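Worth knowing before you read on, the calculation uses all heavy atoms, side chains too, and leaves out hydrogens, waters and symmetry mates. Just so it is clear, the structure is predicted and the values come from calculations on it, not from any experiment. When a ligand or atom number is given, it counts from 1 through the structure's own listing order.
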Amino acid sequence: MSIVGNITKINGVLENTPCKLVAVTKTRTVNELQEVYNAGLRIFGENRVQEMQEKYSQLPTDIQWHLIGHLQSNKVKYIAPYVTLIHSVDSLELLQEINKQASKNNRIIDCLLQVYIATEETKFGLDITELESILESDQIKSLNNIKIIGLMGMASNTDDKTQIRTEFKSLKNIFDKLVMKFKSSNVDLKEISMGMSGDYEIAIEEGSTLIRVGSAIFRS
Ligand SMILES: *Cc1c(COP(=O)(O)O)cnc(C)c1O
């Protein structure tokens with residue numbers, strides 16, 4: 001199938017759900033991304049800051065750029081002028097740096113906190129204790145140039161659909177717990193970013209609002 005055909009199929013699954021499609025751009029060329037744009041998608045997710053910079057400068061300006069990969073504090077300044085959502089925030093220090101750079105650009109940058117839900121040891125993310133300690137910290141109250149609008153998680157890289165579903169359920173449970181407990185001028189949890197090419201259908205059933213899909217868009 002073509003890129004257009006693949007996107008049509010994914011959009012069919014998303015129909016009548018509150019979930020949006022983030023087209024994952026890592027390793028793809030600008031020409032491929034222009035095709036995705038022409039097919040109607042406007043939310044692009046990139047893992048690496050430098051690649052995002054290059055693609056951002058060559059593609060139409062109405063694309064919303066989401067940073068989905070691990071972000072180092074010293075790179076925040078490059079994307080702060082335009083990034084729409086950062087999915088991968090995993091520390092208070094990173095939030096403070098995003099706030100500082102957003103302030104320099106007179107912007108408020110939306111962020112998701114990345115939660116550790118997989119059973120593998122390799123994935124980044126916070127556990128429930130760390131999430132609560134960030135959300136109830138005094139420091140967060142003064143960060144007027146960020147807004148925490150949800151959570152992001154990655155399931156284990158496995159074919160075991162039951163395990164994947166359990167991991168997505170755990171993220172939804174954590175979200176439901178936090179959403180009632182924490183609400184302020186800069187914390188308003190609405191989004192759950194979960195689901196990739198191999199597991200987005202399960203993620204949608206378990207309450208995802210943002211699926212991050214790469215290979216399922218580009219495979220022929
Ligand atoms: C690569 C990547 C995706 C998309 O993966 P696919 O399996 O190609 O859909 C989603 N989220 C993150 C954080 C990624 O690094």
Quiz item: Transitively linked via ILVMFWY side-chain contacts under 4.5 Å: Leu71 with Met154?
Solution: no

Self-check item: Hydrophobic cluster membership, Ile134 vs Ile149, 4.5 Å side-chain cutoff
Solution: no

Self-check item: From CA spacing to verdict: side-chain hydrogen bond (donor to acceptor under 3.5 Å, both in side chains), Gln53, Tyr82
Solution: CA-CA 10 Å; Gln53 292 285 91; Tyr82 65 89; 2.6 Å; yes

Quiz prompt | Criterion ring-ring contact (aromatic ring centres under 6.0 Å, His included) against Phe44, the qualifying member of Tyr56, Tyr37, Trp65 | solution = Trp65

Exercise. Check the pair Glu191, His87 against side-chain contact (heavy atoms from CB on, under 4.5 Å), reporting the backbone distance first and the verdict last.
Key: CA-CA 10 Å; Glu191 306 287 348; His87 289 229; over 6 Å; no

Nitrogen or oxygen contacts under 3.5 Å, ligand 1 side and protein side:
| from | atom 1 | to | atom 2 | distance (Å) |
| --- | --- | --- | --- | --- |
| ligand 1 | 8 (O) | Ser215 | N | 2.9 |
| ligand 1 | 8 (O) | Ser215 | OG | 2.9 |
| ligand 1 | 9 (O) | Ser197 | N | 3.0 |
| ligand 1 | 9 (O) | Ser197 | OG | 2.5 |
| ligand 1 | 9 (O) | Gly214 | N | 2.8 |
| ligand 1 | 11 (N) | Arg212 | NE | 2.9 |
| ligand 1 | 15 (O) | Lys26 | NZ | 2.8 |
| ligand 1 | 15 (O) | Asn47 | ND2 | 2.7 |

Quiz item: If you look at every heavy atom in Asp188 and Lys183, which pair is closest and at what distance?
Solution: OD1-NZ, 2.9 Å

